[in-house]
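Written out below as structure tokens is the structure these notes cover.
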Amino acid sequence: MKSYIIANWKMNPPSLSHAYKLWEGYKLSSLPTSVEVVICPPDIFLPSLINEFKSECSWGGQNCFWETSGAYTGEISPQQLRTLGAQYVILGHSERREHLGETDEMINKKFRAALAARLKPILCVGGGREAKSPGADSRAIARRQLTKALKAVTPSAIRRERLLIAYEPPWALSTISGGRPAPVEYAVAVARSIREWLVKKYASAGKAIPVLYGGSINSQTAGNFRKQKEFSGFLVGGASLKPIEFRKILES
Ligand code: PGA
């Protein structure tokens with residue numbers, strides 16, 4: 001299975017010139033083809049970055065709406081993201097669940113709209129208010145979120161690497177934990193539970209869905225996770241804003 005490294009820039013950097021600098025600092029050209037790097041900048045930077053650096057990595061949005069057009073102030077449709085040149089979209093990130101009240105029902109609608117627009121969703125599970133501490137039953141939360149987010153999504157819709165799952169415990173995000181990821185064994189147990197759920201629902205197609213880990217991945221913490229066969233890569237937030245750090249993660 002291929003490895004995926006997703007850079008989630010969140011609401012950073014402050015300007016397009018900073019965005020160019022950040023991307024250039026990654027020096028992506030020498031990467032093996034077995035690693036797919038997906039950069040998810042704020043939508044406003046996507047057209048310029050794609051225009052400049054298009055073929056050197058893949059591109060994604062950090063969110064999309066579920067309708068194709070209409071009176072939805074401030075939203076972006078999956079088709080618009082496609083038009084900008086994005087191939088991926090992050091959905092269900094714990095920060096959106098927490099700060100914007102995104103529900104699993106909303107995420108399901110976004111998910112199906114993204115697939116219909118031929119975007120590949122990177123579906124985040126394990127986040128939200130109910131998952132605030134390591135004591136929370138992350139396996140049950142992740143499975144419940146999967147059940148709701150993938151409601152009415154058929155195996156044929158998610159074939160051929162059209163879906164990535166990211167397990168990201170909110171208490172392990174660098175902004176909250178101060179850079180401490182989830183204990184590896186804990187994250188692996190959740191990843192196994194996610195895989196069981198996927199295989200039960202999607203049989204062989206479920207075996208092929210990449211499961212990633214997100215939460216305080218940096219050049220120090222990536223090594224431990226990289227050795228775990230349960231994970232096919234990382235969703236990287238804070239460290240993706242530091243080109244040298246990000247480059248070291250890629251090299252690992
Ligand atoms: P972090 O963010 O790497 O800063 O913890 C990860 C994420 O956005 O999922």
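For ligands, and for the atoms within them, numbers begin at 1 and follow the listed sequence. Along the sequence shown, the residues carry numbers beginning at 1.
Atoms of ligand 1 found under 4.0 Å from any heavy atom of N8, numbered from 1 in the order shown, are 8 (O). Which parts of ligand 1 touch E168 is read off a 4.0 Å heavy-atom cut-off, strictly below it: atoms 7 (C), 9 (O). Counting the atoms of ligand 1 from 1 in the order shown, those under 4.0 Å from a heavy atom of S174 are 1 (P), 4 (O), 5 (O). Under a 4.0 Å criterion applied to the non-hydrogen atoms of G238, ligand 1 contributes the atoms 1 (P), 3 (O), 4 (O). Short contacts between ligand 1 and S216, defined as distances under 4.0 Å to a heavy atom of the residue, involve ligand atoms 1 (P), 3 (O), 5 (O). The contact set between ligand 1 and L173, taken as ligand atoms under 4.0 Å from a residue heavy atom, comprises 2 (O), 5 (O), 6 (C), 7 (C), 9 (O).
With respect to atom 3 (O) of ligand 1, the closest heavy atom belonging to the protein is G237 N, 2.9 Å. For atom 7 (C) of ligand 1, the nearest non-hydrogen atom of the protein is H93 NE2, 3.4 Å.
Aromatic ring centroids of Y186 and W171 lie under 6.0 Å apart. Aromatic rings from F234 and Y213 are positioned such that their centres are separated by 6.0 Å or more.
With a 4.0 Å heavy-atom cut-off, ligand 1 is reached by no atom of E95.
No continuous path of ILVMFWY side-chain contacts below 4.5 Å connects I90 to V37, so the two sit in separate hydrophobic clusters.
With respect to the salt-bridge test (charged N to carboxylate O, under 4.0 angstrom), the residues R247 and E251 qualify.
With hydrogens and angles disregarded, a donor-acceptor distance shorter than 3.5 Å links the side chain of T221 to the backbone of N218.
Residue contact check for ligand 1: G215 places a non-hydrogen atom closer than 4.0 Å to it. At a 4.0 Å cut-off, at least one heavy atom of L235 sits close enough to ligand 1 to count as contact.
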- Query: Are V236 and I6 close enough, and set up right, to give a side-chain contact (heavy atoms from CB on, under 4.5 Å), and what steps lead you there?
  - Reply: CA-CA 6 Å; V236 186; I6 319 290; over 6 Å; no

Donor-acceptor contacts, no H, no angles, side chain residues 176-185, under 3.5 Å, sequence neighbours left out:
| unit_1 | atom_1 | unit_2 | atom_2 | d |
| --- | --- | --- | --- | --- |
| S177 | OG | A172 | O | 3.4 |
| S177 | OG | L173 | O | 3.3 |
| S177 | OG | G179 | N | 3.2 |
| S177 | OG | R180 | N | 2.9 |
| S177 | OG | R180 | O | 2.9 |
| S177 | OG | S216 | OG | 3.1 |

